[in-house]
Amino acid sequence: LSESLIESELFGHRKGSFTGALADRAGAFESARGGTLFLDEIGDLPISLQPKLLRALENHEIRPLGSDQNVQTNVRIIAATHKNLVQQVTRGSFRADLFFRLNVIKVYIPLLRDRIEDFEDLLYSFCREMRVGFSFGAIQAMKDHSWPGNIRELRNIVARASALFPGQQIDQEQVRSLIDPVSLPLHTEIGRASCRERV
């Protein structure tokens, strides 16, 4: 999204504030009033919008695009990122004051391979949804996979199995054909994508 559209999504806009703004629109902060606002990929927020977000968090008020009046807000913020915000602060691409304003409680979501005890529950949930089954040998073979794409990759494999082998129980050989042979190295960003930091 362009910066103006991101700002509109967060803070809302007034009719005529930009091309295509045909009516007033409440942004995420107003829509989440009294509740929780989840800001995904906060590390990608343009540097020019970071002071406005900081002001909203510090003063509990926003100013919609095209308005000359502030609007009081009341939301709990949860932010997530796959980027290292400390490194971004050091490089100057993320404001230190915004980082420290957000950095109250950190929750690290482990990679799928680091919580293999949850694997079968996740697998069975996807299998029920997509009406597909896996043999014991197939499940063991899947547990041996490194899962660089984490839960998204697991869900895609179950969807692939449902599409390619409808009505069949998937065996160990079929699992090998379902797992993408172009596996990314474990140290890539995608490999860490689900080890998201929520602050």
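Position 1 is the first residue of the sequence, and the numbers go up from there.
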Seminar exercise, completed: Those residues at least two apart in sequence (or on a different chain) that pass side-chain contact (heavy atoms from CB on, under 4.5 Å) with D118 are R115, L122
Heavy-atom closest pair, residues [X] and [Y]:
| X | Y | answer |
| --- | --- | --- |
| V175 | A138 | CG2-CB, 3.4 Å |
| P64 | R14 | CG-NH2, 3.4 Å |
| F134 | A161 | CZ-CB, 3.9 Å |
| L112 | N150 | N-OD1, 3.1 Å |

Exercise. Any side-chain donor paired with an acceptor under 3.5 Å for R113 and S146?
Worked result: no
Exercise. Quick one: do the E41 and H82 side chains pair a donor with an acceptor below 3.5 Å?
Worked result: yes
Seminar exercise, completed: Contacts of F94 meeting ring-ring contact (aromatic ring centres under 6.0 Å, His included) (sequence neighbours excluded), chain-then-number -> none
For this session: Return yes if some donor-acceptor pair links the side-chain N/O of W147 with the main-chain N/O of M142 below 3.5 Å, else return no.
Result: yes
Problem set entry | Check: H13 side chain, A23 main-chain N or O, donor-acceptor pair, under 3.5 Å | yes
Would you say the side chain of [Y] lies within less than 4.5 Å of the side chain of [X], judging by non-hydrogen atoms?
| X | Y | result |
| --- | --- | --- |
| F99 | V86 | yes |
| L98 | L57 | yes |
| L37 | I78 | no |
| E153 | N156 | no |
| I151 | F126 | yes |
| T36 | V75 | no |
| N84 | Q88 | no |

Exercise. Is it true that atom CD of Q69 has more than 12 heavy atoms of other residues, nucleotides or ligands lying nearer than 6.0 Å?
Worked result: no
Exercise. Is it the case that more than 12 heavy atoms not belonging to R131 sit under 6.0 Å from its CZ atom?
Worked result: no
Show me the donor-acceptor pairs, under 3.5 Å and distance only, between side chains in residues 42-54 and residues at least two apart or in other chains.
| residue | atom | partner | partner atom | Å |
| --- | --- | --- | --- | --- |
| D44 | OD1 | K83 | NZ | 2.5 |
| S48 | OG | E3 | OE1 | 2.4 |
| S48 | OG | E3 | OE2 | 3.4 |
| Q50 | OE1 | R95 | N | 2.8 |
| Q50 | NE2 | L45 | O | 2.9 |
| Q50 | NE2 | S93 | O | 3.3 |
| K52 | NZ | E7 | OE1 | 3.2 |
| K52 | NZ | E7 | OE2 | 2.9 |

Problem set entry | R155/E129 salt bridge by N-O under 4.0 Å criterion | yes
If you measure from [atom1] on [X] to [atom2] on [Y], what distance do you get to the nearest 0.5 Å?
| X | Y | atom1 | atom2 | answer |
| --- | --- | --- | --- | --- |
| F119 | H145 | CZ | NE2 | 9.0 Å |
| D144 | I179 | CG | CD1 | 9.0 Å |
| I109 | D114 | CD1 | CG | 13.0 Å |
| I62 | E30 | CD1 | CD | 4.5 Å |
| S67 | K15 | OG | NZ | 15.5 Å |
| H60 | N74 | NE2 | CG | 8.5 Å |

Result block: side-chain N/O donor-acceptor pairs under 3.5 angstrom for residues 162-172, not counting sequence neighbours:
| residue | atom | partner | partner atom | Å |
| --- | --- | --- | --- | --- |
| S162 | OG | M130 | O | 3.1 |
| Q168 | OE1 | Q174 | NE2 | 3.1 |
| D171 | OD1 | E173 | N | 3.1 |
| D171 | OD1 | Q174 | N | 2.8 |

Problem set entry | All salt bridge (charged side-chain N to carboxylate O under 4.0 Å, His left out) counterparts of R101, not counting sequence neighbours | E58
Exercise. Does R63 have any side chain to side chain donor-acceptor pair (under 3.5 Å) partners at least two apart in sequence or in another chain, and if so, which?
Worked result: N70
